[in-house]
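First comes the structure, then the notes that go with it.
Just follow the structure's listing: the first ligand is 1, and inside any ligand the first atom is 1. Because the structure is a prediction, the values reported are computed rather than measured.
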Amino acid sequence: MSLSKMTFFERFEADILSCKKTITIRDELEKDYAENSLVQASTYEDDRWFCALLIKSVEAICLSQLSEFHAEQENMTLSELQTVIQEIYPDQQHLYVISYELAR
Ligand SMILES: CC(=O)Nc1ccn([C@@H]2O[C@H](CO)[C@@H](O)[C@H]2O)c(=O)n1
């Protein structure tokens, strides 16, 4: 079964709802989202639902491949994104780029 729920840090909620953040980068434990499936998004801090997302793709990535293009889709600079990923997933080289659209 593919996953049907995803949590985000609350600080990213506004960017997701305004479509400024259209990808998330996750590890092995959170890669099993099916393309074209609907996923319910809630905040990590208090598990508050805030939107439904339509999964567009899930692609494996090596940290060394992280680019300005990914950062743009995160509404961050590349160095901000590298810092965030280092904080959430220290020492992990293999991650997954999950792209999504806001479901309306
Ligand atoms: C709350 C939880 O369980 N996990 C995560 C993991 C990641 N992210 C965000 O995805 C991007 C790349 O990782 C960055 O914008 C991250 O901050 C998130 O919001 N929540």
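The distance from ligand 1 to the heavy atoms of Val84 drops below 4.0 Å at these ligand atoms: 14 (C), 16 (C), 17 (O). For ligand 1, the atoms lying closer than 4.0 Å to a non-hydrogen atom of Met76 are 15 (O). Counting the atoms of ligand 1 from 1 in the order shown, those under 4.0 Å from a heavy atom of Tyr89 are 6 (C).
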Exercise. What do the steps show when you test Leu66 against Leu95 for side chain to side chain contact (heavy atoms under 4.5 Å, CB included), and what is the final call?
Worked result: CA-CA 10 Å; Leu66 212 58; Leu95 295 169; over 6 Å; no
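Inter-residue side-chain proximity for Lys5 and Asp47 is flagged as met; some heavy-atom pair is nearer than 4.5 Å. A heavy-atom distance below 4.5 Å is not found between the side chains of Thr22 and Lys56.
The main-chain N or O of Glu10 is found under 3.5 Å from a side-chain atom of Glu45 such that the two form a donor-acceptor pair. Of the possible donor and acceptor atoms, none in the side chain of Lys31 sits under 3.5 Å from a partner among the backbone N and O of Tyr33. A donor-acceptor pair under 3.5 Å is absent between the side-chain atoms of Thr24 and the main chain of Ile98, judged by distance alone. Remark: side-chain polar atoms of Tyr100 are not paired, donor with acceptor, to backbone N or O of Leu38 under 3.5 angstrom.
Closest to atom 16 (C) of ligand 1, if we only count protein heavy atoms, is Ile88 CD1, 3.6 Å. Of all protein heavy atoms, the one lying nearest to atom 10 (O) of ligand 1 is Thr24 OG1, 2.7 Å. If you check which protein heavy atom lies closest to atom 3 (O) of ligand 1, you get Thr7 OG1, 2.9 Å. The shortest contact between atom 19 (O) of ligand 1 and any protein heavy atom is with Phe9 N, 3.0 Å. Closest to atom 13 (O) of ligand 1, if we only count protein heavy atoms, is Ile25 O, 2.7 Å. If you check which protein heavy atom lies closest to atom 11 (C) of ligand 1, you get Glu74 OE2, 3.0 Å. Remark: minimum distance from atom 1 (C) of ligand 1 to any protein heavy atom is reached at Tyr44 CB, 3.3 Å. For atom 17 (O) of ligand 1, the closest heavy atom belonging to the protein is Phe12 CE1, 2.7 Å.
When Gln73, Met6, Arg26, Glu87 are checked for heavy-atom proximity to atom 20 (N) of ligand 1, Arg26 turns out nearest.
The shortest N or O to N or O distance between Lys21 and ligand 1 is under 3.5 Å.
Within 6.0 Å of CZ in Phe50 there are more than 12 heavy atoms belonging to other residues, nucleotides or ligands.
Screening Gln86, Glu80, Glu87 against Thr83 for a side-chain contact (heavy atoms from CB on, under 4.5 Å) leaves a single residue, Glu87.
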